[in-house]
Amino acid sequence: MLQIAAIREHKDAFAQALKKRNLDAMPLLENAISVDEKRRTLQGQLDETLAESNKLSKQIGDLFKSGKAAQANELKVQTGDLKEKSKQLNVELNVAIEELQNILYTIPNIPQDSVPTGNSDEDNEVISEHGSIPTLHAGAKPHWELVKDYDIIDFELGNKITGAGFPVYKRKGARLQRALINYFLDKNTGAGYEEMQVPHLVNEASGYGTGQLPDKEGQMYYVGVDDLYLIPTGEVPITNIYRGDLLENKDLPITMTGYTPCFRREAGSYGSDVRGLNRLHQFDKVEILRIEHPDQSDAALDSMVAHVKGILEELELPYRILRLCGGDLGFTSTLTYDFEIYSTAQEKWLEVSSVSNFKTFQSNRLKLRFRNSEGKTELAHTLNGSSLALPRILAGILENYQTESGIKIPEVLKPYCGFDIID
RNA sequence: AGAGAGGUGGCCGAGUGGUCGAAGGCGCACGCCUGGAAAGCGUGUAAACGGCAACGUUUCGAGGGUUCGAAUCCCUUCCUCUCUACCA
């Protein structure tokens with residue numbers, strides 16, 4: 001959520017920047033400013049009324065204490081009007097506050113200057129490509145066939161137990177997945193990220209804090225009896241660890257990592273994109289998060305990108321880095337880099353990581369602040385990224401490492417797997 | 001799930017109707033002391049909103065109520081702790 005004070009100050013620049021999202025934000029921004037104007041006027045009137053009422057109360061108290069009950073009772077009569085008036089103003093003020101809130105909820109974050117213009121994922125800017133695409137043997141297969149051949153992932157079984165999009169990982173498939181989780185966590189903690197294990201269900205306040213609510217409600221599984229949501233990403237519980245906190249300057253940066261399953265309803269998804277492991281209702285992910293001083297967040301984003309690069313290079317998977325265009329940029333982000341690995345058998349790129357700087361958009365909702373060097377409170381910056389999403393990495397390994405005699409295991413994973421081929 | 005206790009500032013913790021934004025402590029900042037540090041001593045130190053400022057308003061888990069006036073009394077609700085029951 002943007003800060004109203006910032007909107008007031010940078011209206012034109014914000015409207016300009018939001019054009020990159022193909023959004024004509026000017027009417028929204030102006031509406032927000034005018035509602036805020038109303039809010040401030042009402043606040044002023046209410047303050048005045050209450051000040052008067054407080055003054056009278058004090059006088060009444062003093063009169064009672066000095067035994068002048070008659071005079072005190074006279075004054076009491078005067079307070080009636082003020083009470084009525086302040087009640088009325090209070091109602092109007094709350095309406096204005098809510099109205100403003102609702103407008104602010106609909107305004108996405110301001111894209112950074114470097115965000116390219118564009119309408120869809122086709123307009124994302126390819127920053128770099130790395131590694132070489134392997135030449136597979138004749139008859140190489142996509143992963144959904146490989147997993148059947150070697151009996152390592154069973155989609156039918158998941159279907160039976162739960163429904164589509166909930167695969168069962170078996171035998172060496174299960175072990176490979178666990179190996180990846182451990183490997184990712186080791187890489188992240190080795191780089192200084194503190195490991196966290198967090199709840200997989202969150203309350204409403206957490207959903208609002210990171211921006212899933214109110215608008216992306218339909219993407220989350222909801223447990224009505226207890227009013228809880230299954231997490232769509234570890235970002236939600238991990239970021240909310242610091243919701244409402246006031247940190248000291250010296251506490252920054254805070255760096256965390258965590259492994260969680262992710263649950264997504266993916267309503268409306270269909271077609272070849274959802275084949276096999278490409279898109280699931282439940283999948284595993286290891287996440288990295290940072291809470292940063294505003295001066296440091298740009299550099300922090302770069303370091304997260306470098307970190308994810310390092311992992312993909314060790315796995316020896318061909319990958320590329322994209323800078324998301326305005327049209328594809330997430331609602332809460334100012335700048336996002338996506339990592340895609342090349343699935344040789346499917347002949348397509350698969351997104352395996354998304355690394356974003358949210359600046360103060362989340363912290364404003366979270367009320368996550370720190371005391372700066374001048375002793376003033378200031379919103380911190382939040383960032384996060386996947387390192388990495390499991391299923392597509394798994395798909396990439398299965399497809400790119402397949403040979404006629406089985407699927408080889410990447411060198412770095414062998415110690416984690418305890419075997420070096422799936423056959 | 002049943003019974004009891006409690007939720008107060010960055011943290012701990014006092015406070016049962018007006019003099020309470022709130023004692024005391026910790027932490028933090030500055031100063032004194034010191035060769036330097038620690039200790040000690042002194043001073044200061046909540047947040048949000050409005051205002052150029054003086055200042056005003058709000059906030060003692062949340063929401064409602066009583067009252068001229070509520071951290072303090074009443075109701076509702078959420079959460080935490082202890083004991084009991086159950087249990088991975």
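Because only heavy atoms are used, hydrogens play no part in the values below, and waters and symmetry mates are left out as well, while side chains stay in. Throughout, a chain's letter reflects where its sequence line sits, starting with A, and its residues are numbered from 1.
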Between B/rU72 and B/rU67, how many Å separate the two P atoms, rounded to a whole number? 16 Å
Measuring only the P atom in each nucleotide, how far is B/rA48 from B/rG9? A whole number of Å is fine. 15 Å
Applying side chain to side chain contact (heavy atoms under 4.5 Å, CB included) to A/K141 and not counting sequence neighbours gives A/E145, A/L146, A/D149, A/Q402
Hey, is A/E314 close enough to A/K187 for a salt bridge, meaning N to O under 4.0 Å? yes
Quote, to the nearest angstrom, the C1' distance that separates B/rG24 from B/rU8. 14 Å
Considering only the P atoms, how many Å lie between B/rU45 and B/rC20, rounded to the nearest integer? 16 Å
How would you summarise protein contacts on nucleotides 47-68 of chain B per nucleotide, using B for base, S for sugar-phosphate only and - for none, with heavy-atom distances below 4.0 Å? SSSSS----BSS---------B
P spacing across the pair B/rA22 / B/rG35, given as an integer number of angstrom: 41 Å
Residues in salt bridge (charged side-chain N to carboxylate O under 4.0 Å, His left out) with A/E378, at least two apart? none
Can you list everything that forms a salt bridge (charged side-chain N to carboxylate O under 4.0 Å, His left out) with A/E340? Sequence neighbours excluded, please. A/R320
A/Y208 vs A/Y105 aromatic rings, parallel, tilted or perpendicular, using cut-offs 30° and 60°? tilted
Quick one: A/D227 CG to B/rU77 C1', roughly how many Å, whole number? 13 Å
Between A/D24 and A/K19, is the closest basic N to carboxylate O distance under 4.0 Å? no
Between B/rC28 and B/rG15, how far apart are the C1' atoms? Round to whole Å, please. 25 Å
Could you pull out all residues at least two apart from A/Y150 that satisfy ring pair (Phe, Tyr, Trp, His ring centres under 6.0 Å)? none
Taking only the C1' atom of each, what is the distance from B/rG13 to B/rA71 in whole angstrom? 14 Å
Determine the stems involving RNA chain B; a stem requires 3 or more consecutive pairs of the Watson-Crick or G-U wobble kind, each with both distances below 3.5 Å, and the answer is none if no such run exists. B:1-7 with B:78-84, B:10-12 with B:24-26, B:27-32 with B:40-45, B:46-50 with B:55-59, B:61-65 with B:73-77
Measure the distance from CG on A/L82 to C1' on B/rG69 and round it to the nearest whole Å. 13 Å
Can you measure A/D251 atom CG to B/rC28 atom P for me and round it to whole angstrom units? 12 Å
I need the CD-P distance between A/Q59 and B/rU19, as an integer number of Å. 15 Å
Pairwise C1' distance, B/rG27 and B/rU77 [rounded to whole Å]: 34 Å
Ionic contact status for A/D36 with A/R8, cut-off 4.0 Å: yes
Note, A/I409 side chain near A/I422 side chain (heavy atom, < 4.5 Å): yes
